[in-house]
Amino acid sequence: MTIRVLIVDDQAMVRAGFAALLAAQSDIDVVGQAEDGRQGVELGRSTHPDVVLMDVRMPEMDGLEAARQLLDPPPGVTHRPKVLMLTTFDVDDYVYEALRAGASGFLLKDAPPADLISAVRIVAAGEALLAPSVTRRLIADFAKQRPAQRRDPALKLNGLTPREAEVLELIARGLSNQEIAAHLVLAEQTVKTHIGRVLSKLDLRDRAQLVIFAYEAGVVVPGDQ
């Protein structure tokens, strides 16, 4: 299946470079390019991409607001793409807020080309891009800096089974499904089933939001191994 990608960045050279790289892949089709968030939202609504590569800082409308509008569309708009944030900073307040809004992850603009291609495929497959240690550090840092924003998790956490709580904790520690399966001596498909149930019970969209919830709820402590 071909992955439809929309690139949103205010730098023409960046857009062109990403477009050329991705279009050269047999399983990726670049369906549009936008120079700011407002245009990105408009193209997202008309081209129905599977994945939107969204720059964080742009004129007219920044990437955070554009991501919010794409991920929480108005009534009558049913298409919701996956959003992968692009940034030149490894710790950026906008990135954290974008993850909370439902973005599937973020990637540094100076990442190797192979990482960009892999990131698009990972996000398109429904996984959150949380493997790089810098992402876990970003989430942990911002969760630590925002104690006043922590929600009361008691009722939601009480709805999880002991096994589901274990899976949530291991996700927050950055383990992959395969690593969780090995740690808990479970089949990988069983881990995926548990993750689906946790997402449903906590009313969260994806793995990225699970990690943020776990930090904010105190399931894991920033800096704890």
Side-chain angles (χ1 to χ4, degrees), residues 3-23 28 30-47 49-74 79-120 122-124 128-146 149 205-209 211-212 215-216:
I3 303 169
R4 297 167 58 81
V5 176
L6 171 63
I7 301 169
V8 186
D9 194 292
D10 62 331
Q11 298 180 44
M13 290 290 288
V14 172
R15 293 197 307 273
F18 285 170
L21 176 65
L22 294 173
I28 298 176
V30 178
V31 298
Q33 300 180 42
E35 62 185 18
D36 60 57
R38 192 177 309 280
Q39 189 180 76
V41 172
E42 293 173 355
L43 279 176
R45 300 263 164 81
S46 63
T47 62
D50 299 304
V51 176
V52 177
L53 294 179
M54 182 76 74
D55 188 21
V56 172
R57 301 173 184 272
M58 293 181 291
E60 294 295 326
M61 179 188 292
D62 65 28
L64 174 58
E65 179 58 30
R68 283 177 176 152
Q69 292 194 20
L70 287 172
L71 294 167
D72 187 19
H79 179 72
R80 295 206 309 178
K82 302 290 193 304
V83 176
L84 178 61
M85 304 302 296
L86 297 168
T87 179
T88 54
F89 306 96
D90 63 352
V91 176
D92 192 310
D93 189 35
Y94 280 108
V95 175
Y96 175 82
E97 296 300 335
L99 290 173
R100 294 191 68 185
S104 294
F106 86 101
L107 190 70
L108 296 179
K109 283 188 177 181
D110 60 359
D115 285 2
L116 174 64
I117 297 168
S118 175
V120 168
I122 289 170
V123 170
L129 193 68
L130 292 174
S133 59
V134 65
T135 308
R136 294 195 296 273
R137 186 174 74 247
L138 177 144
I139 294 172
D141 286 348
F142 279 107
K144 187 175 181 180
Q145 292 167 18
R146 288 165 171 74
Q149 289 187 4
R205 281 195 60 190
D206 58 23
R207 204 182 194 94
Q209 292 195 325
V211 174
I212 291 171
Y215 276 110
E216 292 186 332

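- Residue R38 holds its CZ atom at 11.0 Å from CE of M58, rounded to the nearest 0.5 Å.
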Run Q11 and K109 through side-chain contact (heavy atoms from CB on, under 4.5 Å) and show every step you take. CA-CA 12 Å; Q11 298 180 44; K109 283 188 177 181; 3.7 Å; yes

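- Taking 4.5 Å as the limit, every side-chain heavy atom of V14 sits out of range of all side-chain heavy atoms of L86.
- Atom CG of L84 is separated from atom CE of M54 by 10.5 Å, given to the nearest 0.5 angstrom.
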Worked verdict on I117 versus L22 for side-chain contact (heavy atoms from CB on, under 4.5 Å): CA-CA 7 Å; I117 297 168; L22 294 173; 4.2 Å; yes

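- Contact of the V8 side chain with the D55 side chain is not registered, since no non-hydrogen atoms from C-beta on lie closer than 4.5 Å.
- Taking all atoms of both residues into account, the shortest heavy-atom contact from A19 to Q33 is CB-NE2, 3.5 Å.
- Atom NZ of residue K82 and atom CG of residue D50 lie 8.0 Å apart, to the nearest 0.5 angstrom.
- Proximity of a side-chain donor or acceptor of H79 to a complementary backbone N or O of P49 within less than 3.5 Å is detected.
- Contact record, P73 with L70: CD-O, 3.7 Å, taken as the closest heavy-atom pair.
- Between V30 and I7, the closest side-chain pair of non-hydrogen atoms falls below 4.5 Å.
- Between F18 and V5 there is no side-chain heavy-atom pair separated by less than 4.5 Å.
- The CD1 atom of I122 lies 9.5 Å from the CG atom of L107; values are rounded to the nearest 0.5 Å.
- Proximity of L108 to T87: side-chain heavy atoms (C-beta onward) are separated by under 4.5 Å at one or more points.
- G102 and L71 make their closest contact through C-CD1, 3.4 Å (heavy atoms, listed as atom of the first residue, atom of the second, distance).
- Between the side chain of E65 and the backbone N or O of M61 there is no donor-acceptor pair closer than 3.5 Å.
- With hydrogens and angles disregarded, a donor-acceptor distance shorter than 3.5 Å links the side chain of R4 to the backbone of T47.
- In this structure, D36 and D10 have side chains that are not in contact, with every pair of non-hydrogen atoms separated by 4.5 Å or more.
- S104 and V123 make their closest contact through CB-CG1, 3.7 Å (heavy atoms, listed as atom of the first residue, atom of the second, distance).
- Between M85 and A67, the shortest heavy-atom distance links the atoms SD-CB, 4.3 Å.
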